[in-house]
Amino acid sequence: MNEHEKFAAEVKANIDGLLADKDVQALSRIWLREITRHKYAYNFRWMGRPIIQFPQDMIAMQELIWDIKPDLIIETGIAHGGSVLYYASLLELIGGDGYVLGVDIDIRAHNREEIVRHPMSKRLKMIQGSSIDLATIRQVEEHVRGKRRVLLILDSNHTHEHVMAEMRAYSSFVTKDSYMVVFDTLLEDMPDDLLNDRPWGKGNNPKTAVREFLLETDRFEIDERMVSKLLITVAPDGYLRCVR
């Protein structure tokens with residue numbers, strides 16, 4: 001075993017330990033609950049744009065993008081543009097022709113202006129429309145055609161019905177050994193007082209949609225080790241590896 005292999009084995013053992021440590025897992029869930037009260041995810045920016053994500057999840061996405069080297073990254077939900085520009089910048093570092101396709105029902109003018117003028121927008125294309133409308137899906141299909149490696153990220157409307165519709169519409173675009181990442185599955189584990197007047201909540205959120213979707217297909221499996229090594233993530237059970 002060479003030094004690289006020794007280090008990889010040590011990391012694997014670390015993750016095995018975290019996976020087995022129920023106290024650490026429980027403590028992480030408590031910490032997640034409490035920082036959510038303070039809108040922790042709103043605190044960060046990527047190359048000047050608000051990213052509204054946990055740094056831990058963004059490191060995980062970097063690892064996936066480096067390993068997969070996708071020709072196309074599809075993300076539903078654009079908001080301020082930080083995450084689509086982050087993925088675009090990673091593709092720029094990797095090289096090649098890969099790009100990000102962002103889909104949002106409402107790309108607000110002030111956000112669009114800042115996104116378009118950003119230097120990483122050269123690896124970004126955007127579609128305005130509901131991610132589950134047939135016209136939008138057909139536009140996405142045009143981008144998918146001919147691509148060998150496609151990574152999918154779902155982060156728009158968080159209701160069970162909407163996320164189910166997205167997974168059914170887009171999961172076939174994901175290529176073997178790539179991922180479908182469903183963000184904000186942590187909503188199932190949040191107390192009611194943190195959900196306010198949102199249309200989603202316990203029993204009606206991305207995690208419940210993931211559970212139902214996995215009963216319909218054998219193409220995807222939950223990457224439990226990813227969640228165990230992150231501990232702090234908005235996507236518990238949301239990193240879905242495409243195995244077929």
Side-chain angles (χ1 to χ4, degrees), residues 7-8 10-12 14-15 17-19 21 23-70 73-94 98 100 102 104 111 114-115 118-121 123-124 151-156 158 178-190 194-195 205-207 210 222-241:
F7 184 77
E10 180 182 354
V11 171
K12 180 181 182 302
N14 291 343
I15 297 171
L18 290 171
L19 186 61
D21 193 328
D23 289 343
V24 169
Q25 299 288 339
L27 183 61
S28 297
R29 288 192 294 272
I30 294 169
W31 196 82
L32 273 170
R33 183 189 69 210
E34 295 307 314
I35 62 172
T36 299
R37 299 183 189 281
H38 299 279
K39 294 188 174 180
Y40 173 80
Y42 285 68
N43 294 346
F44 308 102
R45 302 166 73 86
W46 178 257
M47 296 181 72
R49 296 304 299 154
I51 195 166
I52 314 182
Q53 298 287 3
F54 285 3
Q56 294 86 342
D57 284 310
M58 292 300 95
I59 288 294
M61 294 306 301
Q62 174 273 142
E63 291 185 2
L64 293 182
I65 291 168
W66 176 256
D67 289 341
I68 297 165
K69 295 181 174 57
I73 299 172
I74 304 166
E75 179 167 38
T76 62
I78 294 175
H80 295 271
S83 59
V84 288
L85 291 167
Y86 173 70
Y87 305 137
S89 68
L90 294 175
L91 293 177
E92 177 73 3
L93 288 169
I94 291 171
V100 180
D104 200 299
N111 286 330
E114 293 299 320
I115 292 168
H118 196 279
M120 289 300 105
S121 66
R123 286 191 182 264
L124 171 63
L151 172 66
L152 173 64
I153 304 154
L154 303 180
D155 192 17
S156 60
H158 298 316
S178 187
Y179 276 69
M180 174 167 61
V181 181
V182 184
F183 279 136
D184 288 302
T185 51
L186 88 167
L187 291 171
E188 176 69 6
D189 307 313
M190 291 292 106
L194 287 180
L195 300 174
N205 56 69
K207 182 180 278 190
V210 165
I222 296 171
D223 185 349
E224 294 181 353
R225 295 181 64 79
M226 178 67 82
V227 176
S228 295
K229 80 175 185 177
L230 290 176
L231 293 177
I232 305 303
T233 175
V234 302
D237 295 346
Y239 287 87
L240 307 180
R241 183 190 298 111

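Basis for what follows: all heavy atoms, side chains included, without hydrogens, waters or symmetry-related copies.
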Heavy-atom pair with the smallest gap, counting every atom of His158 and Pro206
O-CD, 3.0 Å
Side chain Arg33, main chain Asp189, donor-acceptor under 3.5 Å
no
In Å, rounded to the nearest 0.5 Å, how long is the span from CG of Asn43 to CD1 of Ile52?
10.5 Å
Could you check if a side-chain atom of Leu32 sits within less than 4.5 angstrom of a side-chain atom of Phe54, using non-hydrogen atoms only?
yes
Leu240/Ile222 under side chain to side chain contact (heavy atoms under 4.5 Å, CB included): CA gap, chis, key distance, verdict:
CA-CA 5 Å; Leu240 307 180; Ile222 296 171; 3.6 Å; yes
Does atom CD of Glu63 have more than 12 heavy-atom neighbours, drawn from other residues, nucleotides or ligands, at distances under 6.0 Å?
yes
Euclidean distance, Leu19 CG relative to Asn14 CG, rounded to 0.5 Å:
12.5 Å
Rounded to the nearest 0.5 Å, what separates atom OG in Ser156 from atom CG in Asp104?
7.5 Å
How far does OH of Tyr40 sit from CD of Gln53, to the nearest 0.5 angstrom?
12.0 Å
Keeping the roles fixed (side chain from Asp57, backbone from Val234), state whether a donor-acceptor pair exists under 3.5 Å.
yes
Under a 3.5 Å distance rule, please check whether Gln25 uses its side chain to pair with a backbone N or O of Leu18 as donor and acceptor.
yes
Keeping His80 on the side-chain end and Ile78 on the backbone end, is there a donor-acceptor pair under 3.5 Å?
no
Heavy-atom closest contact (Leu151 atom, Ser178 atom, distance)
CA-OG, 3.5 Å
Is the backbone N or O of Val100 less than 3.5 Å from a side-chain atom of Tyr87, with the two atoms forming a donor-acceptor pair by type?
no
Could you tell me whether a side-chain N or O of Thr185 sits under 3.5 Å from a main-chain N or O of Pro236, the two making a donor and an acceptor?
yes
Is it true that, when you exclude Phe44 itself, more than 12 heavy atoms of the residues, nucleotides or ligands shown sit nearer than 6.0 Å to its CZ?
yes
Spacing of Glu224 atom CD and Arg241 atom CZ [to the nearest 0.5 Å]:
9.5 Å
Pairs satisfying salt bridge (charged side-chain N to carboxylate O under 4.0 Å, His left out), at least one member in residues 38-52, at least two apart:
none
To check you understand the geometry: which heavy-atom pair defines the closest contact between Thr36 and Met190, and what is its length?
OG1-SD, 3.8 Å
Contact summary for Tyr86 and Met58, nearest pair of heavy atoms
OH-O, 2.7 Å
Would you say Leu64 and Met61 make side-chain contact, with heavy atoms under 4.5 Å?
yes
Looking only at heavy atoms, what is the nearest atom pair of Asp155 and Asp184, with distance?
OD1-OD2, 3.1 Å
Close side-chain approach of Val24 and Ser28, heavy atoms under 4.5 Å:
yes
Please check if atom CH2 in Trp66 has more than 12 non-hydrogen atoms from other residues, nucleotides or ligands closer than 6.0 Å.
no
Quick one: do Met180 and Leu154 satisfy side chain to side chain contact (heavy atoms under 4.5 Å, CB included)? Show the steps, please.
CA-CA 8 Å; Met180 174 167 61; Leu154 303 180; 4.1 Å; yes
Measuring from atom CH2 of Trp46 to atom CG of Leu85, what distance do you get when rounded to the nearest 0.5 angstrom?
10.5 Å
Looking only at heavy atoms, the pair that brings Ile65 and Pro70 closest together is O-CD, 3.5 Å
